[in-house]
Amino acid sequence: MSDPVIITAAITGAIHTPTMSEALPVTPEQIVDAAVDAAEAGAAIVHLHARNPETGAPDQSPEAFAPILGAIKARADVVINITTGGAPTMTVQERVRPAEHWQPELASLNMGSMNFGLFGMLSRFPNLNHQWEADYLGNHDIIFRNTFQDIGFVLDTLQSAGTRFEFECYDTAHLYNLAHFRDAGKVSGPLLIQTVFGLLGGIGPHPDDVAHMKRTADRLFGDEYVWSVLGAGRHQMPIAAISAAQGGNVRVGLEDSIWLEKGVLAPSSAAQVTKAREIIEGLGRRAATPAEARAKLALKG
Ligand SMILES: C[C@H](N)CC(=O)CC(=O)O
Ligand SMILES: [Zn+2]
């Protein structure tokens with residue numbers, strides 16, 4: 001039987017906005033509770049962003065993470081993964097600061113630049129509460145920038161503190177970018193590769209897309225990598241099931257989808273973790289503990 005499944009819960013992110021779902025955690029207290037609940041539901045890793053408690057706008061200042069990190073650690077033995085993606089509108093210097101300051105076990109790292117098509121969601125949410133939501137979601141001109149220089153800068157800034165990475169790959173080009181850094185000796189296994197599906201600007205959510213990304217990663221990295229998947233929006237659970245059925249790992253959470261199923265808003269990331277666990281256990285597997293995730297990913301603990 002294949003290894004236990006590492007479940008990552010992405011708690012709030014910087015893509016969805018407060019008007020979209022009341023369940024989206026915004027304040028530090030809400031983010032802490034959501035992360036602890038997700039850990040208790042079976043997540044071994046929580047992926048964290050911070051927000052302005054008043055407006056809900058993304059906040060990438062190290063101070064914004066202060067009331068979140070210690071409080072989670074005091075209540076749950078879960079692996080902390082701090083975003084370096086922040087929001088697409090931020091510079092790499094801004095985006096790397098929280099992980100540089102807090103030196104987590106894991107940090108996310110987008111393996112390339114890409115068009116970020118958030119506007120697809122706008123049609124479903126005509127009445128947004130905050131102007132920044134409309135400006136942000138309605139923007140057809142967003143590029144998430146992470147050049148080879150930016151990626152090198154993030155690696156150099158964080159690796160000295162023993163932080164390892166969740167390499168976010170939105171298309172096969174990003175897998176080749178990661179292979180480039182591996183060949184250059186800048187990164188080494190075990191490489192946690194988070195393949196992202198169904199976000200406009202990246203690869204699609206079709207099972208053929210998943211097979212194509214997995215086949216390419218298998219060829220480029222062999223047993224040097226640990227495979228995980230992230231399906232955006234309504235693709236979250238079907239993509240998780242495909243991965244779990246093939247020995248892979250999964251990421252769920254309100255950052256990636258506000259839905260539990262078609263037309264049903266998820267009451268929490270924990271509810272999505274529970275649903276993913278049902279799928280995983282239905283396949284005869286089980287969720288990995290934080291300790292098992294640390295061992296498999298060679299985390300500093
Ligand atoms: C699709 C996800 N929002 C990817 C993400 O989580 C990026 C990051 O924080 O570095
Ligand atoms: Zn993120």
Side-chain angles (χ1 to χ4, degrees), residues 7-17 20 24-26 31 34-35 38 43 45-51 56-60 64-65 68 79-100 102 104 106-118 120-121 136-137 142-146 150-151 153-155 157-158 163-171 174 177-178 192-205 209 213 228-236 239-240 249-259 269 272:
I7 301 176
T8 296
I11 299 301
T12 186
I15 290 178
H16 295 125
T17 63
M20 292 177 171
L24 191 71
V26 166
I31 293 172
I45 302 173
V46 288
H47 169 71
L48 300 171
H49 291 241
R51 293 181 182 262
D59 184 338
Q60 194 69 2
F65 286 79
I68 295 172
V79 174
I80 301 279
N81 166 345
I82 293 180
T83 180
T84 72
T89 47
M90 297 171 181
T91 64
V92 67
Q93 286 74 19
E94 269 180 285
R95 292 189 279 110
V96 81
R97 289 182 57 220
E100 181 181 18
W102 297 104
L106 266 180
S108 62
L109 180 50
N110 288 16
M111 290 313 295
S113 304
M114 58 180 283
N115 289 344
F116 234 68
L118 303 179
M121 294 186 277
Y136 182 51
L137 296 171
I142 295 183
I143 294 178
F144 179 90
R145 176 192 149 129
N146 241 13
D150 296 336
I151 293 169
F153 166 72
V154 173
L155 291 172
T157 305
L158 301 183
T163 294
R164 296 185 68 80
F165 297 92
E166 174 197 35
F167 297 107
E168 314 245 11
C169 295
Y170 299 72
D171 217 326
H174 292 177
N177 294 348
L178 179 57
L192 172 59
I193 299 181
Q194 189 69 262
T195 49
V196 180
F197 301 93
L199 212 100
L200 189 55
I203 197 165
D209 298 316
M213 286 285 271
S228 185
V229 300
L230 178 181
R234 65 183 185 282
H235 309 296
Q236 184 175 70
I239 298 268
N249 303 283
V250 306
R251 177 171 137 166
V252 295
L254 294 180
E255 167 167 349
D256 306 332
S257 173
I258 57 175
W259 308 101
S269 292
Q272 292 174 335

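As a basis for the values below, the full set of heavy atoms in this structure was taken, side chains included, without hydrogen atoms, waters or symmetry mates. Atoms within a ligand are numbered from 1 in the order they appear, just like the ligands themselves.
- Taken to the nearest 0.5 Å, the OG1 atom of T91 stands 9.5 Å off from the CD atom of Q60.
- Put simply, CD1 on I258 and CD on Q272 are 9.5 Å apart, with the number rounded to the nearest 0.5 Å.
- The protein heavy atom nearest to atom 6 (O) of ligand 1 is E255 OE2, 2.7 Å.
- Looking at E168 and F144, their side chains never come closer than 4.5 Å, going by heavy atoms from C-beta outward.
- Between Q236 and W259, the shortest heavy-atom contact is OE1-O, 4.1 Å.
- Ranking protein heavy atoms by distance to atom 10 (O) of ligand 1, first place goes to S108 OG, 2.7 Å.
- If you look at the Zn ion (ligand 2), the protein N, O or S atoms less than 2.8 Å from it are H47 NE2, H49 NE2, E255 OE2.
- Assignment of H47 to the shell around ligand 1 is supported, since a heavy atom sits closer than 4.0 Å.
- A donor and an acceptor atom, one from each side chain of E166 and S108, are nowhere located under 3.5 Å apart.
- Given atom 9 (O) of ligand 1, the protein heavy atom at minimum distance is T83 OG1, 2.7 Å.
- Using 4.0 Å as the threshold, H49 has a heavy atom nearer than that to some atom of ligand 1.
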**Item:** Steps toward side chain to side chain contact (heavy atoms under 4.5 Å, CB included) verdict (I80, V46)
**Value:** CA-CA 5 Å; I80 301 279; V46 288; 4.0 Å; yes
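- Remark: of the listed residues T8, T12, N81, N81 is the sole one forming a side chain to side chain donor-acceptor pair (under 3.5 Å) with H47.
- Between I11 and A38 the shortest heavy-atom distance is CD1-CB, 4.0 Å.
- Of all atoms in ligand 1, listed by their number and element, those nearer than 4.0 Å to a heavy atom of I15 are 3 (N).
- Listed by atom number, the atoms of ligand 1 under 4.0 Å from G85 heavy atoms are 8 (C), 10 (O).
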Using side chain to side chain contact (heavy atoms under 4.5 Å, CB included), reason through V196 and D256 one step at a time and then give a plain yes or no.
CA-CA 10 Å; V196 180; D256 306 332; over 6 Å; no
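- By the criterion of a heavy-atom distance under 4.0 Å, the side chain of R251, and not its backbone, is placed next to ligand 1.
- A heavy-atom distance below 4.5 Å is not found between the side chains of L192 and F165.
- Contacts of L109 with ligand 1, taken as heavy-atom pairs under 4.0 Å, are absent altogether.
- Ranking protein heavy atoms by distance to atom 7 (C) of ligand 1, first place goes to N110 OD1, 3.5 Å.
- What you find for L200 and M114 is that their closest heavy atoms are O-CE, 4.5 Å.
- Counting heavy atoms closer than 4.0 Å to ligand 1, residue Y170 contributes side-chain atoms (C-beta onward) but none from N, CA, C or O.
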